[in-house]
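To start, the structure under review is shown below, and the notes come after it.
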Amino acid sequence: MKYKDLLTEFYVNKNYDALKDILSSTSSSIEIEYLARIYQKEQNYKKAAEIYKNLGKLYEYGRCELLQGNLENTKQIWSQIKEESPATLWGKSLLEFINLYVIHVPTFFQIRAFLEVDLDALLKSKLITYCENIVNGAHLFMQNNQESYKFIGRVFVNNSYFELAELFLQKAKDVCYVDPEVHLMLAKCELQKQNIPRAIEYLKISLEKGYGYFPAKKMLEQLENIK
């Protein structure tokens, strides 16, 4: 399969079923890795793990084990990785947060690149205890990245855990008051409580801080039409 066509079908058309049929018989390691990515998107982490194991991609293999709740397997797999990278260093820290014994606090860029993605994946995998342990260390993430509360709040908003989202977004607001997205997400939390006047207040602040921030403008227009 031409690489350009593969990218188009995967990223643009998201034609995963057709791609699985095509890639299941390929011998190309690049194409096989895209097959693993498809299984990840479908949350079939067992099949994805098998592919990554065969490809010798230990970080991805361990992550798939983690998302199945196989914590000890993940530790064992990641312990085999000799070369340090932002991803492997993040993985080491993530396991410490899950185990409630943090020695290595991730860097600004590691938090920005991985916290939201992995917390979202763990939440969708119903690994609630892992998620609780991670977010209980939010103040540690904050030491190196002030947007950490916002990242966590956004994961909870996107997964409809609005009460939890509000807890972290209120903290984010105290740290990043000028961030228009924080106020937009707080407005979404208020809408879940049917508190339209308060949601409108947050949206107006979002517009003010974001100089006409379009998502807030669009939502505000919709609410005002309801009124």
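No hydrogens, no waters, no symmetry mates; every other heavy atom, side chains included, goes into these values. Residue numbers run from 1 in the order of the sequence given.
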Point to revise | Step-by-step side chain to side chain donor-acceptor pair (under 3.5 Å) determination, Asp120 to Asn159 | key: CA-CA 8 Å; Asp120 183 73; Asn159 287 277; 2.8 Å; yes
Review point. Does Val182 reach the side chain of Val175, with side-chain heavy atoms less than 4.5 Å apart?
Key: no
**Study point:** Parallel, tilted or perpendicular: ring planes of Tyr34 versus Phe10, cut at 30 and 60 degrees
**Key:** perpendicular
Study note, to complete from the structure: In terms of heavy-atom contacts, Leu23 and Leu6 come closest through CD1-CD1, 4.2 Å
Review point. Below 6.0 angstrom between ring centroids: does that apply to Phe97 and Phe141?
Key: yes
Review point. For Gln80 and Tyr61, does a side-chain donor sit closer than 3.5 Å to a side-chain acceptor?
Key: no
Exercise for review: Please confirm whether the backbone N or O of His104 pairs with a side-chain atom of Glu96, one donor and one acceptor, at under 3.5 Å?
Suggested key: yes
**Study point:** Min side-chain heavy-atom separation Lys41-Arg37 under 4.5 Å
**Key:** no
Check your understanding: Under 4.0 Å between a Lys/Arg side-chain N and an Asp/Glu carboxylate O for Lys204 and Glu201?
Key -> no
Practice item. Could you grab the distance from atom CD1 of Ile200 to atom CG of Leu191, nearest 0.5 Å is fine? Key: 8.5 Å
Review point. Which atom pair, heavy atoms only, marks the closest approach of Ala48 to Gln40?
Key: CB-CG, 3.8 Å
Check your understanding: Should Tyr59 and Ser85 count as side-chain neighbours, where that means a heavy-atom distance under 4.5 Å?
Key -> no
Check your understanding: Would you say the side chain of Leu119 lies within less than 4.5 Å of the side chain of Phe151, judging by non-hydrogen atoms?
Key -> no
**Study point:** Atom pair CD/OG1 of Gln110 and Thr88 - distance to nearest 0.5 Å
**Key:** 8.5 Å
Check your understanding: Less than 4.0 Å between a side-chain N and a carboxylate O, is that true for Lys75 and Glu72?
Key -> yes
Check your understanding: Just by modelled atom types, is the Ser27 backbone N or O under 3.5 Å from a matching donor or acceptor in the Glu31 side chain?
Key -> no
Check your understanding: Is the shortest heavy-atom distance from the side chain of Lys46 to the side chain of Asn44 under 4.5 Å?
Key -> yes
**Study point:** Minimum side-chain heavy-atom gap Pro197-Asn195 below 4.5 Å
**Key:** yes
Exercise for review: Please answer whether the main-chain N or O of Tyr202 pairs with a side-chain N or O of Ser206 as donor and acceptor at a distance below 3.5 Å.
Suggested key: no
Practice item. Return yes if some donor-acceptor pair links the side-chain N/O of Asn133 with the main-chain N/O of Asn99 below 3.5 Å, else return no. Key: no
Point to revise | side-chain contact (heavy atoms from CB on, under 4.5 Å) partners of Ile32, counting only residues at least two apart | key: Thr26, Ile51, Leu55
Study note, to complete from the structure: Rounded to the nearest 0.5 Å, the CG atom of Leu184 sits from the CD1 atom of Ile205 at a distance of 12.0 Å
Exercise for review: Assess Lys171 against Phe168: is NZ or CZ under 6.0 Å from the centre of the six-membered ring, and within 45 degrees of the ring's axis?
Suggested key: yes
Check your understanding: So, does Thr74 use its side chain to make a donor-acceptor pair with the main chain of Arg63 at under 3.5 Å?
Key -> no
Exercise for review: Tell me, please, which residues at least two apart from Asp17 pass side-chain contact (heavy atoms from CB on, under 4.5 Å).
Suggested key: Lys20, Glu42
Exercise for review: Please tell me if the side chains of Asn73 and Gln68 come closer than 4.5 Å, counting only heavy atoms from C-beta onward.
Suggested key: no
Check your understanding: So, His183 side chain and Tyr177 main chain: donor-acceptor pair closer than 3.5 Å or not?
Key -> yes
Check your understanding: So, Gln143 side chain and Val105 main chain: donor-acceptor pair closer than 3.5 Å or not?
Key -> no
Check your understanding: Side-chain contact, heavy-atom cut-off 4.5 Å: Ile98 with Leu66?
Key -> yes
